[in-house]
Amino acid sequence: MASYDVIIIGSGPGGYVCAIRCAQQGLKTAVVEGRDTLGGTCLNIGCIPSKALLHASHMLHEAEHNFATMGLKGKSPSVDWKQMLQYKSDTIGQNTKGVEFLFKKNKIDWLKGWGSIPEAGKVKVGDEVHEAKAIVIASGSEPSSLPGVEVDEKVVVTSTGALELGKVPKKMVVIGAGVIGLELGSVYSRLGSDVEVIEFLDAITPGMDGEVQKQFKKILTKQGLKFTMGAAVQKVEATKTKAKVHYKLRKDDSDHVADADVVLVATGRKPYTDGLGLDALGVEMTKRGQVQVDAHWQTNVPGIYAIGDAIEGPMLAHKAEDEGVAAADTIAGKHGHVNYGVIPGVIYTHPEVANVGATEETLKEAGHAFKVGKFSFMGNGRAKANFSADGFVKIIADAATDRILGAHIIGPGAGDLIHEVCVAMEFGASAEDLAMTCHAHPTYSEAVREAALACGMGAIHM
Ligand code: NAI
């Protein structure tokens, strides 16, 4: 048994970042992790491995579609799937070992095993019970299940199984046109699979800017993904090698079947708090099964905090990281802060899609007067040279004050470009502030400046 200032349960981006911040604050810190490697879902079976496969498959797409035009002639590369999976595993390894190094550097103990909280102030790992003045639940999330669909992680898979299929399937059916479905659907489509996405709603990526949704769907369709919209999946029948996806079209209640070699179930995730003993402790939960916390990430049980996917809000690694830092600062007696109004969201397809802040739809609903500045990447020299001119930047600003309220980008490097708008919003900048800032030429970021200009005087290159 050991005594700590803080024990964090879970070593994902929320947990490990929280631990490092606690250590920096001089707190004696331990992290409980039952996986063989640190880093949680994001590093082991989520963000990082999917980005490796997105990168590799995008390179193939470039070779097949754009190399010849640039005068790069020769046979297109063929896919060595085993080697691609090895590259993915190596990428995971570099990252998880990096977290292990940071633990050592910051003198954070890794308590190996699955943790539970027998009572406030105590964490049980295996047969050992450790003491902690503060406990942080950073146990993350798991794929939510769909009635009538049994996952075997071979033929019917979640994102976990989709990252290590035995081979590239001929036909893949993706259930759910959300972030996971479109990122992994893109990977397999580029690698040669015939990909059909079946989505319950009439638009892809729910909650996103309406114009971006339409443009994104158009681009993905051009890339070869097939969409069946307004379709509720009823059940999946699977053998060892094939599956049949039964769905009902909402518009006329008609029944249909889609055949597949692999079915990817990507219909959302839910908080993972199994085995922690929260029920017995009397920790309050929300109606959606999230751990209920106050404005300081503390649960109703004093000394027990929770962050990341286990609590309310977008299930995003960077949101969890920010909460991890803020909870650590709070535990250290300082002021923890997360600006929930400025949390970017990124989809790492090609082109990338990124957003921050309000959409036109939410502002209209709230009766908030706004103006919109838009600029197409068709007017951006760099994007045209790089075969990336499909897409646009949209900046939304307050009609009266010109203060930036949100931004929506579909196009090259969108996931990086969004951050200049995030910084601007954090500083309470106006669209004019952004428009008056010199942007290097030729860069994609000029499209952001042009969209800001379009909120006022007007864009130059449009
Ligand atoms: P999601 O919530 O983004 O999308 C799920 C989709 O499935 C929705 O469009 C929904 O309408 C549809 N759906 C639900 N039931 C259905 C049914 N019976 N038939 C047909 N369609 C149905 O969930 P997703 O993609 O699984 O992602 C889970 C979480 O992981 C999200 O919170 C996401 O933000 C996060 N994530 C973030 C990434 C990123 O930031 N790049 C990457 C991967 C995941």
Side-chain angles (χ1 to χ4, degrees), residues 12-14 40-55 140-149 151 156-163 173-187 196-208 213 216-217 220 227-236 245-250 255-258 260 263-272 288-290 308-322 343-356 409-410 414-416 418-419:
T41 300
C42 177
L43 271 67
N44 288 282
I45 49 166
C47 331
I48 297 297
S50 62
K51 259 77 274 173
L53 294 184
L54 277 158
H55 178 65
S141 60
E142 61 178 345
S144 50
S145 51
L146 197 58
V149 183
V151 170
V156 184
V157 299
T158 64
S159 52
T160 307
L163 292 167
V173 167
V174 176
I175 309 177
V179 190
I180 293 181
L182 299 182
E183 284 188 357
L184 289 173
S186 285
V187 165
E196 176 177 357
V197 183
I198 300 180
E199 166 58 45
F200 180 79
L201 300 172
D202 296 320
I204 65 172
T205 57
M208 215 179 259
Q213 287 178 329
F216 191 26
K217 183 160 171 258
L220 291 174
F227 288 93
T228 303
M229 306 301 291
V233 169
Q234 308 293 306
K235 64 172 175 180
V236 174
V245 180
H246 296 258
Y247 63 90
K248 221 180 233 311
L249 281 185
R250 291 195 297 131
D255 291 309
H256 302 261
V257 180
V263 178
L264 166 59
V265 187
T267 51
R269 295 179 66 86
K270 59 177 183 196
Y272 176 68
R288 301 183 58 204
Q290 300 139 326
D309 286 10
I311 67 169
E312 261 181 300
M315 289 183 162
L316 298 170
H318 43 282
K319 174 254 191 191
E321 288 182 38
D322 282 19
I343 295 182
V346 179
I347 307 180
Y348 299 87
T349 43
H350 195 85
E352 289 182 348
V353 179
N355 62 79
V356 65
I409 308 177
I410 175 165
D416 290 301
I418 197 73
H419 295 95

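We count ligands from 1, going down the list as the structure has it; atoms in each ligand are counted the same way. Nothing fancy with the numbering, it's 1 onward along the sequence.
Remark: ligand 1 atoms within the under-4.0 Å shell around heavy atoms of A231 are 19 (N), 20 (C). Atoms of ligand 1 lying under 4.0 Å from at least one heavy atom of I175, given by number and element, are 19 (N), 20 (C). Listed by number with element, the atoms of ligand 1 under 4.0 Å from a non-hydrogen atom of L316 are 34 (O), 40 (O). Taking every non-hydrogen atom of I198 and a distance limit under 4.0 Å, the qualifying atoms of ligand 1 come out as 20 (C), 21 (N). Each of the following atoms of ligand 1 lies closer than 4.0 Å to a heavy atom of P206: 8 (C), 9 (O). Close approach of ligand 1 to Y348 is summarised as follows: ligand atoms under 4.0 Å from at least one heavy atom of the residue are 41 (N). Near L201, with a cut-off below 4.0 Å to any heavy atom, the atoms of ligand 1 are 11 (O).
In terms of protein heavy atoms, atom 18 (N) of ligand 1 is closest to L146 CD1, 3.6 Å. Atom 1 (P) of ligand 1 has as its closest protein heavy atom G178 CA, 4.1 Å. Counting only heavy atoms of the protein, atom 13 (N) of ligand 1 lies nearest to T267 CG2, 3.7 Å. Counting protein heavy atoms only, atom 41 (N) of ligand 1 is closest to V346 O, 2.8 Å. Looking only at heavy atoms of the protein, atom 32 (O) of ligand 1 is closest to M315 CB, 3.5 Å. Nearest protein neighbour of atom 29 (C) of ligand 1, counting heavy atoms only, is R269 CD, 3.8 Å. In terms of protein heavy-atom proximity, atom 17 (C) of ligand 1 is nearest to V233 N, 4.0 Å. Of the protein's non-hydrogen atoms, the one nearest atom 7 (O) of ligand 1 is G176 CA, 3.2 Å.
Closest of all the heavy-atom pairs between P49 and L163 is CG-CD1, 3.9 Å. Across every non-hydrogen atom of F227 and K217, the tightest pair is CB-CE, 3.8 Å. Nearest heavy-atom pair, S141 versus R269, reported as atom, atom and distance to 0.1 Å: O-NH2, 2.7 Å.
A side-chain donor-acceptor contact under 3.5 Å links S144 to the backbone of G268. The main-chain N or O of P344 is found under 3.5 Å from a side-chain atom of H318 such that the two form a donor-acceptor pair. In this structure a side-chain-to-backbone donor-acceptor pair under 3.5 Å is present from Q213 to T205. A distance-only check finds no donor-acceptor pair linking the side chain of E321 to the backbone of P13 [under 3.5 Å]. Proximity of a side-chain donor or acceptor of R250 to a complementary backbone N or O of F200 within less than 3.5 Å is detected. At least one donor-acceptor pair under 3.5 Å links the side chain of K319 to the backbone N or O of G308.
When each of V263, I175, V265, T228 is checked for a side-chain contact (heavy atoms from CB on, under 4.5 Å) with V233, only I175 meets the rule.
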Start with the C-alpha distance between K270 and R288, add both sets of side-chain angles, then the distance that settles side chain to side chain contact (heavy atoms under 4.5 Å, CB included), and finish with yes or no.
CA-CA 8 Å; K270 59 177 183 196; R288 301 183 58 204; over 6 Å; no
Under the criterion side chain to side chain contact (heavy atoms under 4.5 Å, CB included), I'd like the reasoning laid out for V356 against H419: C-alpha separation, chi angles, the key distance, then a yes or no.
CA-CA 9 Å; V356 65; H419 295 95; over 6 Å; no
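Around atom 3 (O) of ligand 1, the closest heavy atom drawn from L184, V179, V353 belongs to V179. Of the listed options V149, I180, V265, L182, I180 places a heavy atom closest to atom 44 (C) of ligand 1.
Contact between G268 and ligand 1 is present, with at least one heavy atom of the residue lying under 4.0 Å from the ligand.
Among the atoms of A232, none of the N or O lies under 3.5 angstrom from an N or O of ligand 1.
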